[in-house]
Amino acid sequence: MPDTANNPNRRSWLPVSPDSDFPIQNIPFGVFLTRDDVITIGTRIGDTAIDLGALHQLGYFKNIPLTDDIFLQDTLNDFISDGKKTWRLVRNRIAEIFDEKNETLKNHEEHRNIVLFTLDEIEMQLPVQIGDYTDFYSSKEHATNVGTMFRDPNNALLPNWLHIPVGYHGRSSSIVPSGIPIHRPMGQTMPVGATDPVFGPSKLVDFELEMAFITTDANQLGEPIPVEEAEDYIFGMVLFNDWSARDIQKWEYVPLGPFLAKNFASSISPWIVTLDALEPFRVESPKQDPKPLPYLHFKGKKSFDINLEVDLTPENGSPVTITKSNFKYMYWNMSQQLAHHTINGCKVNSGDMMGSGTISGPTPGSYGSMLELTWRGEKPIKMKDNSERKFIDDGDTVTMRGYCKKDSIRIGFGEVSNKLLPPFNPKKGKK
């Protein structure tokens, strides 16, 4: 099944600005609430949201094997379960419908009024029901920085790191879409010089610049997914901010790893960009030395050239871009992560989410967390109002963006942007 949606010469009859993340070659998938308070599955071209449920009901997906209600749901899980062939057929058809040379919908005003929305007429939702969430730790630069800070600079990486994609199981219930505020978490910490822990709000709230991939139903219990087949079970990718409380983490993570320091909140961008849309932006992964075990061997280009950046905006202040990085720095790629995740027979379902782990590049300006950017707070970041940040303050907004660009085509993810609020106060607002 050829992918015709990626044709770089294709243009849409919908308006698309030259610097848009969402040209007709993208066609991401998401879930939104319409102006009529109806939740639907949709896509986006330029700044126009497209109701795929309505488009399907009007007959525009004729001859594609889809159930009548496939786009009339509040999650993408069932559509993702239909598999890669269906995803590609649907993307190709959407590209045809909105091609500048196709006048079928373009000249049908009644249908256009039903199907098309401006962005201020919709409210984006969480695109999938996330049954399980796994976070990896796959940036060599990030792992080296953290190991240097907290252990031995000469042995920054633990012995297993260069042999397996290290990961942990996170909490899916606290993953939220862009725009939802995050409360500063409470928990136990061990102050420097103290002999007993104290309870209170985290003082070292941090972001983690990550991306995540969404899977389809991939295997039976007990069945490994071969590394060369892994991408067949990856629907697409989102931007991912895995919020962290570094002081809580430092006290709790030995012996079993992250817990309350991570599970209080993670944020994702609402549009899922398919692997098909990212195909033109493949690049080589970093060289792996020592060579991994055979089940992690792969051929070809398994990474993607995705430019990433983070803005930090104080309350009522101006944004400052504090880092610029790239997904291509990841030491362990998505195919290896999924193959390793299932080598023991772990079952993977539609809508499961796999976080990349913090993405840090080789230079200080490309680090993926405040922990690294300020080097444990020793090198504060200056805001435009001359205030300084060692970590995230209440009222600050963290905004992540990501995009690929090659020749005249730009494919982007939009943004994930969330504000940090003070700790939750159950009495506030009650009479």
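Keep in mind that what you see is a predicted model, and the values were worked out from it rather than measured. Heavy atoms only: backbone and side chains are in, while hydrogens, waters and symmetry mates are out.
The nearest pair of heavy atoms linking Y329 to S360 is CB-O, 3.9 Å. Considering every non-hydrogen atom in both L52 and F71, the closest pair reads O-CD1, 3.6 Å. The nearest pair of heavy atoms linking S356 to Q337 is O-NE2, 3.8 Å. Closest approach of L421 to D394, counting heavy atoms only: O-OD1, 3.6 Å. A156 approaches T144 most closely through the heavy-atom pair CB-O, 3.4 Å. Closest non-hydrogen pair, T215 versus I80, comes out as O-CG2, 3.5 Å.
When L209, D311, L312 are each tested for a side chain to side chain contact (heavy atoms under 4.5 Å, CB included) with I322, only one passes: L312. Considering I268, D21, I272, L278 as possible partners of F413, the one that fulfils the side chain to side chain contact (heavy atoms under 4.5 Å, CB included) test is L278.
Ion pairing between E96 and R93 holds under the 4.0 Å rule for side-chain N and carboxylate O. Salt bridge absent: K84 and E231 never bring a charged side-chain N and a carboxylate O closer than 4.0 Å. In this structure, D135 does not pair ionically with K262, as no charged nitrogen and carboxylate oxygen lie closer than 4.0 Å. K302 has a carboxylate O that lies under 4.0 Å from a charged side-chain N of E228, or vice versa, which qualifies the two as a salt bridge.
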Criterion side chain to side chain contact (heavy atoms under 4.5 Å, CB included) on L105 and L55, from CA distance to verdict: CA-CA 10 Å; L105 178 60; L55 203 62; 4.0 Å; yes
So S303 and N333, side chain to side chain donor-acceptor pair (under 3.5 Å) or not? Walk me through it. CA-CA 6 Å; S303 192; N333 60 54; over 6 Å; no
Ring pair (Phe, Tyr, Trp, His ring centres under 6.0 Å) between Y133 and F240, intermediate numbers included: CA-CA 12 Å; Y133 151 54; F240 189 65; 5.4 Å; yes
Determine, stepwise, if the pair F22 / D47 fulfils side chain to side chain contact (heavy atoms under 4.5 Å, CB included). CA-CA 8 Å; F22 302 100; D47 289 336; 5.9 Å; no
Do I24 and R11 pass the side chain to side chain contact (heavy atoms under 4.5 Å, CB included) test, and can you show the C-alpha distance, the side-chain angles, and the key distance before you say yes or no? CA-CA 7 Å; I24 195 170; R11 297 292 178 269; 5.8 Å; no
Please step through side chain to side chain contact (heavy atoms under 4.5 Å, CB included) for the pair Q288 and Q336, ending with a clear verdict. CA-CA 12 Å; Q288 295 182 332; Q336 291 176 310; 2.9 Å; yes
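Ring centers of F150 and Y253: at least 6.0 Å apart, outside the cut-off. For Y60 and H111, the distance between ring centers is under 6.0 angstrom. Aromatic pair Y331/W161: ring centres closer than 6.0 Å. The aromatic ring centroids of H142 and Y137 lie less than 6.0 Å from each other.
Checking S244 against D206 by side-chain atom types alone, no donor-acceptor pair falls below 3.5 Å. Side-chain atoms of S202 and D247 form a donor-acceptor pair, as typed in the model, at a separation below 3.5 Å. Inspection of the S417 and T399 side chains reveals an N or O donor paired with an N or O acceptor under 3.5 Å. For the residue pair D276 / T274, no side-chain donor-acceptor distance below 3.5 Å is found, with atom types taken as modelled. With no hydrogens or angles considered, a side-chain donor-acceptor pair links S267 and N418 at under 3.5 Å. There is a side-chain donor-acceptor pair under 3.5 Å between S81 and D217.
Applying the 6.0 Å contact sphere to CD of Q73 captures more than 12 heavy atoms from other residues, nucleotides or ligands. Atom NZ of K347 has more than 12 neighbouring heavy atoms from other residues, nucleotides or ligands inside a 6.0 Å radius. Enclosure of atom CZ in F259 is not indicated, since only 12 or fewer non-hydrogen atoms of other residues, nucleotides or ligands lie within 6.0 angstrom. Atom CG of D36 has more than 12 neighbouring heavy atoms from other residues, nucleotides or ligands inside a 6.0 Å radius.
A 4.5 Å side-chain heavy-atom check between D305 and N326 finds at least one atom pair inside the cut-off. For the pair P177/Q125, no side-chain contact is recorded, criterion being any heavy-atom separation below 4.5 Å from C-beta on. Residues I39 and V31 form a side-chain contact, since some pair of their non-hydrogen atoms from C-beta on lies under 4.5 Å apart.
Below 30°, between 30° and 60°, or above 60°: for H169 and H341 the angle between ring planes is above 60°, a perpendicular geometry. Below 30°, between 30° and 60°, or above 60°: for W375 and Y367 the angle between ring planes is between 30° and 60°, a tilted geometry. Note: F29 and F79 have tilted aromatic rings, judged against thresholds of 30 and 60 degrees for the angle between ring planes.
To the nearest 0.5 Å, atom CD of residue E210 and atom CH2 of residue W243 are 13.0 Å apart. To the nearest 0.5 Å, atom NZ of residue K101 and atom CZ of residue R10 are 9.0 Å apart. For the atom pair CE (M400) and CD (E208), the distance works out to 8.5 Å, reported to the nearest 0.5 Å. Residue H340 holds its NE2 atom at 13.0 Å from CD1 of I225, rounded to the nearest 0.5 Å. From N113, atom CG reaches atom NE2 of H108 across 10.5 Å, with rounding to the nearest 0.5 Å. One distance of note links CD of E121 with OG1 of T48; it measures 10.0 Å at 0.5 Å rounding.
Between the side chain of D396 and the backbone N or O of L420 there is no donor-acceptor pair closer than 3.5 Å. One N or O on the side chain of N145 and one on the backbone of E141 form a donor-acceptor pair closer than 3.5 Å. Side-chain N or O atoms of Q25 include none that pairs as donor or acceptor with a backbone N or O of I411 at under 3.5 Å. A side-chain donor-acceptor contact under 3.5 Å links N219 to the backbone of V348. For S138 (side chain) and P165 (main-chain N/O), no donor-acceptor pair under 3.5 Å exists by modelled atom type.
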